[in-house]
*Asks:* 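Pasting a structure here, questions to come.
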Amino acid sequence: MDSGKRISVLKQDQFAFDEYTALMTVIIGHKKLYDIMTEKDTLYAKPDFSDADGMRVSELEGEFAELNGWSAESDASKLLTDLGISTEFHNIQMKQLESGQKVRVLLAQALFGNPDILLLDEPTNHLDVETCMWLEDFLANFENTAIVVSHDRHFLDNVCTHIADIDFGKIKLYSGNYTFWSESSQLALRQRSEANKKIEDQRKELQEFILRFSANLSKSRQATSRRKILEKLTIDEIKPSSRKYPFVGFEQEREAGNDLLYIDHMSKALDGQVLFEKLNLSIEKGDKVAFVGPNGLAKTALFQILMGSFRLTAGHSSGVSRPSALIFRRIMPNISTQPSVSWIGFGSIRRIRLRFLSGDF
């Protein structure tokens, strides 16, 4: 590899830059630029600044300008803002930031300075939907080489032009995004299986012919000929993939009702902060719902309320033969409005124990 190429890596150690500000942590991602800045500041701070120091500073200033050093802080600041770190945190030390903010700063560090090769290991971890979409656009427009490791198939589909398949102890490169690779590799496996089946069928036919006619003098020449054909036949072994495909199954004793979750005017405040107010929600059987938004505390509070902060007050049949809906009243402290009624419906589930309210069922 050309030693002149600049490789940038998404670092995983959130504590490595605790003594630096978020802005400077980003700039450190461009090591050459950061080293020049550090040396310049050291020389300018010398009380006995010499002519030799002046010559060296002149050289450094030239290199600094070539690396767009004068726009480094503004570029780093824009990256942080785009990744959801507001300007009030740019000059705060990393040790004062939350873990989610640190992850974003380290991502900005990796992206800073237009590296020649970008290595990103699980870059979408701890990112919300909006930031993931921003990162997808950034990588889609990134003109250099980016190598990404991710479990997010949607993300891989949107940013990758090639897929490197690591299996059987080998690496094979495929053109296209993740979905194209997945579908084409499965198609190739099916075609290979069908081809092998044809070879196996032909082998059995030849073996049966040899057994029937090897003792028959009139057919011995044909049997010998077929034996030679049989010896040339080879079957490519289809090795079982090393991939694991976990599956979580919920076995139901009966079908769930149509109305699974109904929330009417639910509100929640915590320490004077309104997390959500007059929330109305209805979920029916077959719906697939994602809770998204910039306020992680609000989403967490909603799930905590649904999972354990209601008091069972009555059952409700909701028009089915067996009870499939339960009515709860909120008993959480610091709730900003009077408790309202929420219905939560579900079918009977066996084998999977779900912790709900104060008991198991």
*Asks:* Checking side chain to side chain contact (heavy atoms under 4.5 Å, CB included) against T25, which of K102, K11, M94, Q93 comes through?
*Replies:* M94
*Asks:* Answer with yes or no whether the side chains of T38 and D35 bring together a donor and an acceptor at under 3.5 Å.
*Replies:* no
*Asks:* Restricting to non-hydrogen atoms, name the atom on L83 and the atom on L107 that form the minimum distance, rounded to 0.1 Å.
*Replies:* CD2-CD2, 3.9 Å
*Asks:* Only one of T145, L10, V9 forms a side chain to side chain contact (heavy atoms under 4.5 Å, CB included) with L119, so which one is it?
*Replies:* V9
*Asks:* Can you tell me if NZ on K46 sees more than 12 non-hydrogen neighbours from other groups inside 6.0 Å?
*Replies:* yes
*Asks:* So does E98 have more than 12 non-hydrogen atoms from other groups sitting under 6.0 Å from CD?
*Replies:* no
*Asks:* For F180, is the CZ atom crowded, meaning more than 12 foreign heavy atoms sit under 6.0 Å from it?
*Replies:* no
*Asks:* Counting only heavy atoms not in D51, do more than 12 fall under 6.0 Å of its CG?
*Replies:* no
*Asks:* Would you list the pairs meeting side-chain hydrogen bond (donor to acceptor under 3.5 Å, both in side chains) in which at least one residue belongs to residues 131-142, sequence neighbours left out?
*Replies:* R104-T131, D128-T131, E136-N158
*Asks:* Hey, any chance I163 and V149 share a hydrophobic cluster, counting ILVMFWY side chains that come within less than 4.5 Å of each other, even indirectly?
*Replies:* no
*Asks:* Do W70 and Y34 sit in the same hydrophobic cluster, where Ile, Leu, Val, Met, Phe, Trp and Tyr count as joined when their side-chain heavy atoms come under 4.5 Å apart?
*Replies:* yes
*Asks:* Parallel, tilted or perpendicular, judged at 30° and 60°: which one describes the rings of H30 and F112?
*Replies:* perpendicular
*Asks:* What are the two closest heavy atoms between D48 and D53, and how far apart are they?
*Replies:* O-OD2, 3.9 Å
*Asks:* Under the side-chain hydrogen bond (donor to acceptor under 3.5 Å, both in side chains) definition, can you give me all pairs with a residue in residues 282-293, not counting sequence neighbours?
*Replies:* E255-K285
*Asks:* Given the rule that I, L, V, M, F, W and Y join up when any side-chain heavy atoms are under 4.5 Å apart, are Y44 and F64 in one cluster?
*Replies:* yes
*Asks:* Is it true that, when you exclude Q96 itself, more than 12 heavy atoms of the residues, nucleotides or ligands shown sit nearer than 6.0 Å to its CD?
*Replies:* yes
*Asks:* Between V103 and V129, is there shared hydrophobic-cluster membership here, with clusters defined by ILVMFWY side-chain heavy atoms closer than 4.5 Å?
*Replies:* no
*Asks:* What orientation do Y178 and W181 show, parallel under 30°, tilted 30 to 60°, or perpendicular over 60°?
*Replies:* tilted
*Asks:* Under the rule for side-chain hydrogen bond (donor to acceptor under 3.5 Å, both in side chains), what residues qualify as partners of D157, not counting sequence neighbours?
*Replies:* T179
